[in-house]
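All values below were derived from every heavy atom in this structure, side-chain atoms included, with hydrogens, water molecules and symmetry-related copies excluded.
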Amino acid sequence: MNSIFYRLMLIVKVLGQLLFLFGLLAWLDGVVVQFTHPEWLPLSVSHLLPWIRTDTFTILMFIVSAIGFFVWRVIAEVNKTELKN
């Protein structure tokens, strides 16, 4: 039972790290576009995602990054607490 719990916690921690890293990188890409080519902001992110604008994508990726960081830190603190007991 405990090994399944710890494996699940490890998977959630890695997913949190993944969301944080790639969300932050996508947000930084939007920030760079804002400074270098602000006329691109109302355009779509990619031809694969024609329904989402670049500025909206940048905001969403900042939120995803914050959620990923929160999940990562919560799982790390839960693991520390569990190891002490």
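Heavy atoms only, all atoms of each residue included: F57 and A26 are closest at CE2-CB, 3.9 Å. Of all non-hydrogen atoms in P38 and P42, the two that sit nearest each other are O-CD, 4.1 Å. Between I75 and M9, the shortest heavy-atom contact is CG2-O, 3.5 Å.
Put simply, the side chain of V71 does not reach to within 4.5 Å of the side chain of L15, judged on heavy atoms.
Under the 3.5 Å distance criterion, the side-chain polar atoms of T36 are matched with a main-chain donor or acceptor of V32. Between the side chain of S65 and the main chain of M61, no donor-acceptor pair closer than 3.5 Å is present.
Cluster membership check: L49 does not share its hydrophobic cluster with L25, using side-chain heavy-atom separations under 4.5 Å among Ile, Leu, Val, Met, Phe, Trp and Tyr. Tracing side-chain contacts under 4.5 Å through hydrophobic residues (I, L, V, M, F, W, Y), one never reaches F5 starting from I11; they form parts of separate clusters. F62 is connected to L60 through a chain of hydrophobic side-chain contacts under 4.5 Å among Ile, Leu, Val, Met, Phe, Trp and Tyr, so both are in one cluster. Under the 4.5 Å side-chain heavy-atom criterion for grouping Ile, Leu, Val, Met, Phe, Trp and Tyr, F35 is connected to V45 within one hydrophobic cluster. Criterion: ILVMFWY side-chain heavy atoms under 4.5 Å apart, direct or through other members. Under it, F70 and I63 are part of a common hydrophobic cluster.
Atoms CD and CG, on Q34 and D55 in that order, are 9.0 Å from each other to the nearest 0.5 Å. Considering CG of D29 and CZ of F22, their distance stands at 13.0 Å, rounded to 0.5 Å.
When the options T58, I59, V64 are evaluated for a side chain to side chain contact (heavy atoms under 4.5 Å, CB included) with W27, the one that passes is T58.
Note: W72 and F69 have perpendicular aromatic rings, judged against thresholds of 30 and 60 degrees for the angle between ring planes.
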